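Throughout, protein chains are lettered first and strands after them, A, B, ... in sequence-line order, and every chain is numbered starting at 1. Every value quoted in this text rests on a predicted model; they were computed, and no experiment measured them.
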Protein chains: 2
Amino acid sequence: MKTESLFRALADPSRRKILKLLQPGPLSAGELSEHFPFSLASLSHHLSILKSADLVHTERRGQYIHYSLNTSVTEEIYRLMADLFSKHRSGESK
Amino acid sequence: MKTESLFRALADPSRRKILKLLQPGPLSAGELSEHFPFSLASLSHHLSILKSADLVHTERRGQYIHYSLNTSVTEEIYRLMADLFSKHRSGESK
DNA sequence: TAAATATTTAGATATACTTTTAAACATGAA
DNA sequence: TTCATGTTTAAAAGTATATCTAAATATTTA
């Protein structure tokens, strides 16, 4: 189920854009929303999907909630991708 | 557009299962369909999505069409994932 | 506590995706 | 060419996803 939510989360271009926007550092929902044409409610929905896929992390700072990239999933994603594309042939180590 | 079709293609669990089934070697649509509860038409649809995402390759052998994994995209996928999860902080090399 | 700001949740609509059945297309064999 | 097998395409139905507006929750400030 975790793998599933992860792939689904990455499937949407707006969510991938959110991840890229968070690369330099944490941003609030309001700051993120400036980069999208849709409503804050819609952005919030995307953020909740990224959050339940464990791709982003939240921290409240006063009124604001700061969203940040969870870079610790990177390794897991690599593993998942390798799992999908390895040839699975015994004795093929290189 | 290529990135988009790639992520979308990977979003569906049946399509990821197809990729795994193709790891040991090429299979026909009929052979693949034994592993799924849905119709051959539906499988064919999934295969066309994987194909247009350049994740599988087809080769006709007589009546049969053999589907095989396109492992050459692996590197591109790694690049895409690295692009999404790098911190993009200058001077952070470790 | 009341007002202002930041964000999320609920309910509704529109769009996209998956699946099905039936028909069409492609190849090989009689 | 006709029949059988393998696969795809078309049209329709069902399900899921994205987005909107309006209302609700949380925090800070007056």
Side-chain angles (χ1 to χ4, degrees), chain A residues 1-22 24-70 84, chain B residues 1-22 24-70 84:
Chain A
M1 179 55 208
K2 189 149 169 297
T3 299
E4 182 57 17
S5 63
L6 200 137
F7 277 103
R8 288 262 179 228
L10 291 175
D12 185 87
S14 297
R15 290 194 288 267
R16 294 197 301 275
K17 184 176 173 182
I18 290 171
L19 294 177
K20 287 197 73 71
L21 287 167
L22 293 178
L27 291 173
S28 68
E31 288 168 325
L32 281 167
S33 113
E34 293 169 16
H35 298 86
F36 296 94
F38 45 69
S39 72
L40 216 93
S42 189
L43 177 69
S44 180
H45 174 240
H46 286 306
L47 288 170
S48 81
I49 289 171
L50 288 170
K51 204 173 142 188
S52 52
D54 207 33
L55 286 165
V56 301
H57 171 255
T58 61
E59 183 190 3
R60 183 177 276 279
R61 290 190 203 168
Q63 272 173 296
Y64 302 84
I65 297 176
H66 278 87
Y67 285 87
S68 54
L69 261 192
N70 179 8
L84 281 177
Chain B
M1 178 56 209
K2 190 151 169 295
T3 300
E4 182 56 16
S5 64
L6 200 139
F7 277 103
R8 286 267 176 225
L10 292 174
D12 185 86
S14 297
R15 289 194 288 266
R16 293 196 302 275
K17 184 176 173 182
I18 291 172
L19 295 176
K20 287 197 73 71
L21 287 167
L22 293 178
L27 292 173
S28 68
E31 288 167 326
L32 281 167
S33 113
E34 293 169 17
H35 298 85
F36 295 94
F38 45 69
S39 72
L40 215 92
S42 187
L43 177 67
S44 180
H45 175 240
H46 284 307
L47 288 170
S48 81
I49 289 171
L50 288 171
K51 204 173 142 187
S52 52
D54 207 32
L55 286 165
V56 302
H57 170 254
T58 62
E59 182 189 4
R60 182 176 276 278
R61 290 190 205 168
Q63 272 173 298
Y64 302 84
I65 297 174
H66 278 87
Y67 286 86
S68 53
L69 259 192
N70 179 9
L84 281 176

Worksheet item: Taking all atoms of both residues into account, what is the closest heavy-atom pair of A:Glu4 and B:Ala11, and its distance?
Response: OE2-O, 3.9 Å
Worksheet item: Got a sec, which residues hit side-chain contact (heavy atoms from CB on, under 4.5 Å) with B:Tyr64, two or more places apart in sequence or on another chain?
Response: B:Ser28, B:His66
Worksheet item: Just how far is it from atom CD1 of A:Ile18 to atom CG of B:Leu84, taken to the nearest 0.5 Å?
Response: 11.5 Å
Discussion item. Can you pull out the residues from residues 34-51 of chain B that lie within a 4.0 Å heavy-atom distance of DNA chain C?
Written reply: B:Phe38, B:Ser39, B:Ala41, B:Ser42, B:His45, B:His46, B:Ile49
Worksheet item: A:Phe38 and A:Ser14: which non-hydrogen atoms are nearest, and at how many Å?
Response: CE2-OG, 3.5 Å
Fill in: Contact boundaries on DNA chain C for chain A, cut-off under 4.0 Å to non-hydrogen atoms
C:dT5 to C:dT9
Side-chain donor-acceptor pairs of residues 39-46 of chain A under 3.5 Å, sequence neighbours excluded:
from: A:Ser39; atom 1: OG; to: A:Ala41; atom 2: N; distance (Å): 3.4
from: A:Ser39; atom 1: OG; to: A:Ser42; atom 2: N; distance (Å): 3.1
from: A:His46; atom 1: ND1; to: A:Arg15; atom 2: NH1; distance (Å): 3.1

Discussion item. Tell me which residues in residues 57-65 of chain B lie within less than 4.0 Å of DNA chain C, going by non-hydrogen atoms.
Written reply: B:Arg60, B:Gly62, B:Gln63
Worksheet entry | 5′-ward residue of the pair A:Asp12/B:Glu31 relative to DNA chain D | B:Glu31
Sequence neighbours excluded and cut-off under 3.5 Å, please list the side-chain donor-acceptor pairs for residues 49-61 of chain B, or say none.
from: B:Ser52; atom 1: OG; to: B:Ser48; atom 2: O; distance (Å): 3.0
from: B:Ser52; atom 1: OG; to: B:Ile49; atom 2: O; distance (Å): 3.3
from: B:Arg60; atom 1: NH1; to: B:Gly62; atom 2: O; distance (Å): 3.0
from: B:Arg60; atom 1: NH1; to: B:Gln63; atom 2: O; distance (Å): 3.3

Discussion item. Closer than 3.5 angstrom, by distance alone: can the side chain of A:Lys17 be matched with the main-chain N or O of A:His35 as a donor-acceptor pair?
Written reply: yes
Response to the item:
Between the CG atom in B:Leu47 and the CG atom in B:Leu27, the distance rounded to the nearest 0.5 Å is 10.5 Å
Worksheet item: Can you tell me how far the CZ atom of A:Arg8 sits from the CG atom of A:Leu10, to the nearest 0.5 Å?
Response: 12.0 Å
